[in-house]
2 protein chains.
Amino acid sequence: MELQDGRDKFIQSWGTLGSNWGINRTMAQIHALLLIAPEPLCAMDIKEKLTISMGNTNMNIRQLMDWGLVYKKLKSGERKEFFVAEKDMWEVIKKIVIQRKKKELEPVLKILDEISAVDGHCHDSDEFCKVIKDIKLFSNKADSLLDTLIKADSNWFTKSFINMIK
Amino acid sequence: MELQDGRDKFIQSWGTLGSNWGINRTMAQIHALLLIAPEPLCAMDIKEKLTISMGNTNMNIRQLMDWGLVYKKLKSGERKEFFVAEKDMWEVIKKIVIQRKKKELEPVLKILDEISAVDGHCHDSDEFCKVIKDIKLFSNKADSLLDTLIKADSNWFTKSFINMIK
DNA sequence: AGTAACTTTCAGTAACTTTTGAAAGTAAAA
DNA sequence: TTTTACTTTCAAAAGTTACTGAAAGTTACT
């Protein structure tokens, strides 16, 4: 496969995969484009390479910056803004984990706390409370595990991983 | 909070949370309803409790069974089918992990393999290949880690977890 | 075989999400 | 201060996904 084909395929595929991940297609494509771009790109470059609208380009660059996956990079002598992607994959993973935890796990913890306030007086409520308690147990574990991961370095991941499977 | 309020809140919330998880609202609500149901329920019970259509009920029960989160339970003397949820939370988590791995991770591995066929001849392609290689490294690790998790028992999770954070 | 009880399918519709493009906003340069 | 080069916003359009209801299919009792 030729380099350019590989790049195109990566950008297209990343977009499709993104949707399976709850990330919108354009956001994932911009991320892919910047990840493999040898030079910083400006909004116009991105708009043209992906043939998308300005508004779409801007919104998604902004969101990638909010996630910490893309940074602004000013070139001296140039007025417009350029963008680069975070290239350290371990950082990328951590940034994504932070967002997914926020979106997927934290609301669960919040709801479970609210529901735990159910009075446990009869047999039926004991059963209900047990289900909630079990879910809470695993959610809390997952929460601490992810917190540890977010603080850890790449090396730790490899090491713990080896411990885990042996 | 009263028991019935707690149940209603759980079902409603689980539906909302489901959508943040890439699971559709109805599927999540049916799952919640069955999780806390003291008795097996039939399709009609579910349809009525959630005030949704037959078709919707049927499709989502089916998908929950495909995922292994809900089982058919025949009552002797009754012709219609009843359903119960898997109540062991560790099993529930594993079943969900299996599905998410299939949807989110496996397509990534597939694409990366295809892209790895890019010829590495010049400086630019080296850079491109490095990005792909890095992603592949972490994806493969995540893949094995999840495989281990899927095979493990609940106890292992707790133990490894303690090892991991210390 | 006929009928009744229940389950499944599917085309059309509704609800939600993403994208566009034009207009408004901002700030450096003339 | 005006122009110019760029960025941001937002309402409407396009695209996507979920839901309904009616019709077709299945099974099991008479």
Side-chain angles (χ1 to χ4, degrees), chain A residues 11-12 14-34 40-67 70-84 99 103-104, chain B residues 11-12 14-34 40-67 70-84 99-100 103-104 107:
Chain A
I11 293 168
Q12 285 314 309
W14 219 236
T16 311
L17 297 171
S19 11
N20 295 334
W21 280 54
I23 289 166
N24 93 44
R25 209 184 77 228
T26 308
M27 183 169 160
Q29 284 186 339
I30 296 178
H31 186 221
L33 175 62
L34 287 171
L41 303 177
C42 70
M44 193 54 67
D45 294 337
I46 294 170
K47 169 188 174 345
E48 281 168 9
K49 293 222 186 189
L50 301 178
T51 47
I52 54 176
S53 72
M54 264 191 281
N56 198 7
T57 308
N58 180 66
M59 302 249 264
N60 284 294
I61 290 175
R62 215 110 320 258
Q63 202 177 345
L64 284 165
M65 290 203 295
D66 288 347
W67 283 38
V70 162
Y71 309 112
K72 238 176 228 178
K73 170 131 196 178
L74 296 170
K75 280 195 187 172
S76 63
E78 293 260 25
R79 183 156 149 201
K80 64 189 166 193
E81 297 172 327
F82 288 79
F83 302 96
V84 290
Q99 298 300 323
K103 185 177 166 202
E104 300 184 15
Chain B
I11 293 168
Q12 285 314 311
W14 218 238
T16 312
L17 296 170
S19 13
N20 296 333
W21 280 54
I23 289 167
N24 91 46
R25 211 184 76 229
T26 308
M27 182 169 161
Q29 284 185 340
I30 296 178
H31 186 221
L33 176 62
L34 288 172
L41 302 176
C42 70
M44 193 54 66
D45 295 336
I46 294 171
K47 169 187 175 339
E48 280 167 9
K49 294 222 185 190
L50 301 178
T51 49
I52 54 176
S53 73
M54 285 275 204
N56 197 10
T57 308
N58 180 66
M59 301 254 263
N60 284 293
I61 290 175
R62 214 112 318 261
Q63 203 177 344
L64 284 164
M65 290 203 295
D66 287 347
W67 282 37
V70 163
Y71 309 111
K72 239 176 229 178
K73 169 132 197 178
L74 296 170
K75 280 194 189 175
S76 63
E78 293 259 25
R79 180 152 150 208
K80 63 188 165 191
E81 298 172 326
F82 289 79
F83 303 95
V84 290
Q99 297 300 324
R100 297 195 73 160
K103 185 177 166 203
E104 300 184 16

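So you know, we letter chains A, B, ... as the sequences are listed, proteins then strands, and number each from 1.
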So, OP1 or OP2 of C:dT19: does either fall under 4.0 Å of a side-chain N or O from A:T26? yes
Euclidean distance, atom [atom1] of residue [X] to atom [atom2] of [N] [Å, nearest integer]:
| X | N | atom1 | atom2 | value |
| --- | --- | --- | --- | --- |
| A:M27 | C:dT18 | CE | P | 11 Å |
| B:D45 | C:dA5 | CG | P | 17 Å |
| A:M44 | C:dG21 | CE | C1' | 13 Å |
| A:N58 | C:dA22 | CG | P | 17 Å |

Stepwise, does the side chain to side chain contact (heavy atoms under 4.5 Å, CB included) test hold for B:Q29 with B:R25? CA-CA 6 Å; B:Q29 284 185 340; B:R25 211 184 76 229; 3.9 Å; yes
Expected list for residues 70-84 of chain B near DNA chain D, using heavy atoms below 4.0 Å, is B:R79
Tell me, which of residues 46-57 of chain B have any heavy atom that sits under 4.0 Å from an atom in DNA chain D?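 Within residues 46-57 of chain B, the residues near DNA chain D are B:I52, B:S53, B:G55, B:N56.
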With the side chain counted from C-beta on, respond yes when A:F83 and A:M65 share a heavy-atom pair under 4.5 Å apart, and no when they do not. yes
Around atom CH2 of A:W21, are there more than 12 heavy atoms of other residues, nucleotides or ligands at under 6.0 Å? no
For DNA chain D, what string of dots and brackets results from 5' to 3' when Watson-Crick and G-U pairs need both distances under 3.5 Å, crossing pairs get [ ], and pairs with another strand get |? ||||||||||||||||||||||||||||||
Would you mind telling me which residue lines up with the more 5' stretch of DNA chain D, A:C42 or A:R25, judged by nearest nucleotide?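 Nearest nucleotide further toward 5': that of A:C42.
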Determine yes or no for a side-chain-to-main-chain donor-acceptor pair under 3.5 angstrom, with [X] supplying the side chain and [Y] the backbone.
| X | Y | value |
| --- | --- | --- |
| B:D45 | B:C42 | yes |
| B:N56 | B:I52 | no |
| B:T51 | B:K47 | no |

Heavy atoms of chain B, cut-off under 4.0 Å: which first and last nucleotide of DNA chain D, 5' to 3', fall inside that, if you could look?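 Using the under 4.0 Å cut-off, the span is D:dA18 to D:dA28.
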Mind running side chain to side chain contact (heavy atoms under 4.5 Å, CB included) on B:I23 and B:W14 for me, showing each step along the way? CA-CA 10 Å; B:I23 289 167; B:W14 218 238; over 6 Å; no
Sorted by chain and number, sequence neighbours left out, salt bridge (charged side-chain N to carboxylate O under 4.0 Å, His left out) with B:K72 holds for B:E81
Salt bridge (charged side-chain N to carboxylate O under 4.0 Å, His left out) with B:R100: which residues, sequence neighbours excluded?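 By the salt bridge (charged side-chain N to carboxylate O under 4.0 Å, His left out) rule, B:R100 matches A:E104, B:E104.
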For the residue pair B:K73 and B:F82, would you count it as a cation-pi contact if the rule is NZ or CZ under 6.0 angstrom from the ring centre and within 45 degrees of the ring axis?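 Geometry flag: not set, cation outside 6.0 Å or 45°.
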Test side chain to side chain contact (heavy atoms under 4.5 Å, CB included) on B:M54 and B:M44; report intermediate values, then the result. CA-CA 8 Å; B:M54 285 275 204; B:M44 193 54 66; 3.6 Å; yes
Where A:I30 and A:T57 come nearest, the two heavy atoms and their spacing: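 Reported closest heavy-atom pair: CD1-O, 4.0 Å.
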Might you work through the side chain to side chain contact (heavy atoms under 4.5 Å, CB included) test for B:L34 and B:I46, ending with a clear yes or no? CA-CA 9 Å; B:L34 288 172; B:I46 294 171; 4.3 Å; yes
Which part of the nucleic acid, if any, lies within reach of B:N24 when heavy atoms closer than 4.0 Å are counted: base, sugar-phosphate only, or nothing? sugar-phosphate
